[in-house]
There are 2 protein chains.
Amino acid sequence: MELLKERILREGKVLSGDIVKVDGFLNHLVDVELMKELAREFRRRFSDERITKIVTVEASGIALGAICAQEFGVPMLFAKKAKSDNIEGGLLQSEIFSYTYKKKVTLIMSSQWISDADRVLIVDDFLANGEALRGLTEIVRAAGAEIAGIGIAIEKGFQGGGDKLRAVGYNVQSLAIIDGIEDGKVRFREDGAH
Amino acid sequence: MELLKERILREGKVLSGDIVKVDGFLNHLVDVELMKELAREFRRRFSDERITKIVTVEASGIALGAICAQEFGVPMLFAKKAKSDNIEGGLLQSEIFSYTYKKKVTLIMSSQWISDADRVLIVDDFLANGEALRGLTEIVRAAGAEIAGIGIAIEKGFQGGGDKLRAVGYNVQSLAIIDGIEDGKVRFREDGAH
């Protein structure tokens, strides 16, 4: 999606360690008008999927998730990151490795709010190694719900998480895929080349 | 606001320890249509304030924050909860006590995205003892920005955080104020009685 790619080129900052910082419009200061455009694009790409629920994970996925839910006219449900080992009953859960915090984190979701009647669109602002998405897909499947698609704002293609999800059959639609960073500049994958 | 109060009465669950669970529409499964109505009400109550930025705190404030930002036509900025003691430079911060996690948590925000040119509306889904709000007001003031108001979905009035903020001069507008829980039922404060 050209609008998002231009924004990344204009305002994103490439840091050491292949980090692309987009905290001026995506995941700290949030440009909700841009979010609306991303949500419209997901709506276009998943128009035939009869989505009943948007699922995401705290924290930065929630802004995009909420605005996608508006666009699709359905509720949004977000997985929480367990802060303690005491996890109450009635919860779906999946253990993932967080590269940000360099430790295991348990994603949790109440089984009360998702069922086999749901057709879910999973959304997130970022997809890199795909650990968070793996956890979300596990939880949604454990609830018996159908994963109708996965919508991502920015995918770091060179970290492989997205292609791993595509390889097992998920319809992963990323609006900008960064395939490499060279001399401090991002290089995008061609549209449709995944 | 009657719409929200009715929803709390109909779908909220009173648990032991004065906890009111509203995770079926506010802070786990999120009814974004309801959020839109809350945002419209804030817009009405703060219409003269020339708001330039919505500020909230992760995680559950983000959904309401994003939809308020849309309604006001401004960006949303959310404070993060520091996950480690290694906090990089250029960050505004405030230490609060989290009653949920029973420990100190540091709220952080990049000083790059807020300045003395901003007139901020702080929003959050819940206000109880007011620790998170105290932290947010500290950070926003440290940035030199003006706090034009505080908009809360549900205030637990009997925990005193809201009235403490009002006492020091903030315009705190809560759309439902729970003043007590008796025999497992919530009792609301009369509108305009704060």
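Chain naming here is simple, since letters A, B, ... match the order of the sequence lines and numbering starts at 1 in each. Heavy-atom basis, side chains included; hydrogens, waters and symmetry copies ignored.
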Of the listed H28(A), M76(A), Q70(A), the one with the largest count of heavy-atom pairs under 4.5 Å with chain B is H28(A)
Which answer fits [X], side chain, backbone, both or neither, if we ask what part of it has an atom under 4.5 Å from a heavy atom of chain A?
X       : value
M109(B) : both
V74(B)  : backbone
I67(B)  : side chain

Comparing G65(B), S60(B), A63(B), G73(B) against chain A, the one with the most heavy-atom pairs below 4.5 Å turns out to be A63(B)
Counting heavy-atom pairs under 4.5 Å with chain A, the top scorer among G24(B), P75(B), A79(B) is G24(B)
So, are [X] and [Y] salt-bridged, with charged N and O less than 4.0 Å apart?
X       : Y       : value
R166(B) : E155(B) : yes
E33(A)  : K36(A)  : no
K80(A)  : E58(A)  : no

Check your understanding: Parallel, tilted or perpendicular: which describes the rings of F46(A) and F42(A), with under 30° parallel and over 60° perpendicular?
Key -> tilted
By salt bridge (Lys or Arg N to Asp or Glu O under 4.0 Å), D31(B) pairs with (sequence neighbours left out) R7(B)
